[in-house]
Amino acid sequence: MSELPRYEYVKLADAIASDIASGKLPQGAALPGERAMTDLYGVSIGTVRRAVVELRKRGLVATLPAKGTYVIGMPDQPADSDPQA
């Protein structure tokens with residue numbers, strides 16, 4: 001059985017999460033504005049908004065009204081990389 005296609009907003013959220021994990025977007029960094037991200041990633045503004053909601057659900061970013069969206073966390077490490085194991 002073939003894999004189901006991923007939604008564009010999930011692909012965008014995964015790409016931004018990857019940038020956070022790599023340090024390209026460090027903690028405290030501001031994400032580009034919605035319109036800038038539409039141009040940068042070639043997606044609709046609705047896709048950008050859903051991706052930001054997804055990143056907030058993952059605990060990676062926080063949005064401050066009239067200020068922007070900022071990196072607040074790092075993606076969770078896999079369970080097998082637990083330093084206490």
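What's counted below: heavy atoms across the whole structure, side chains too, no hydrogens, waters or symmetry copies. Residue numbers run from 1 in the order of the sequence given.
Taking both residues in full, the closest heavy atoms of L55 and A13 are given as CD2-O, 3.5 Å, listed atom of the first, atom of the second, then distance. The two residues P32 and L40 make their nearest non-hydrogen contact at CG-CD2, 4.4 Å. Between D19 and Y41 the shortest heavy-atom distance is OD2-OH, 3.8 Å.
The side-chain hydrogen bond (donor to acceptor under 3.5 Å, both in side chains) pairs that include a residue from residues 21-33 number zero, where partners must be two or more places apart or lie in different chains. Each salt bridge (Lys or Arg N to Asp or Glu O under 4.0 Å) pair with one or both residues in residues 37-56, not counting sequence neighbours, appears once here: E34-R49, E54-R58.
With contacts defined as side-chain heavy-atom distances shorter than 4.5 Å, the pair V71/L60 does not qualify. Side-chain contact check for V43 versus K11: every heavy-atom pair is 4.5 Å or farther apart.
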Next item on the list: In sequence, state the C-alpha distance, the side-chain angles, and the governing distance for V61 and I20, and then conclude on side-chain contact (heavy atoms from CB on, under 4.5 Å).
Entry: CA-CA 10 Å; V61 301; I20 293 169; 4.3 Å; yes
Next item on the list: Could you go through the side-chain contact (heavy atoms from CB on, under 4.5 Å) check for L64 and Y70 one step at a time?
Entry: CA-CA 8 Å; L64 303 173; Y70 296 87; 4.1 Å; yes
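In this structure, Y9 is not a member of the same hydrophobic cluster as I16, with clusters built from ILVMFWY side-chain heavy atoms closer than 4.5 Å. Linking ILVMFWY residues whenever their side-chain heavy atoms come closer than 4.5 Å, directly or via other members, places M74 and L25 in the same cluster.
Remark: R6 pairs with D14 by the salt bridge (Lys or Arg N to Asp or Glu O under 4.0 Å) rule, at least two apart or across chains.
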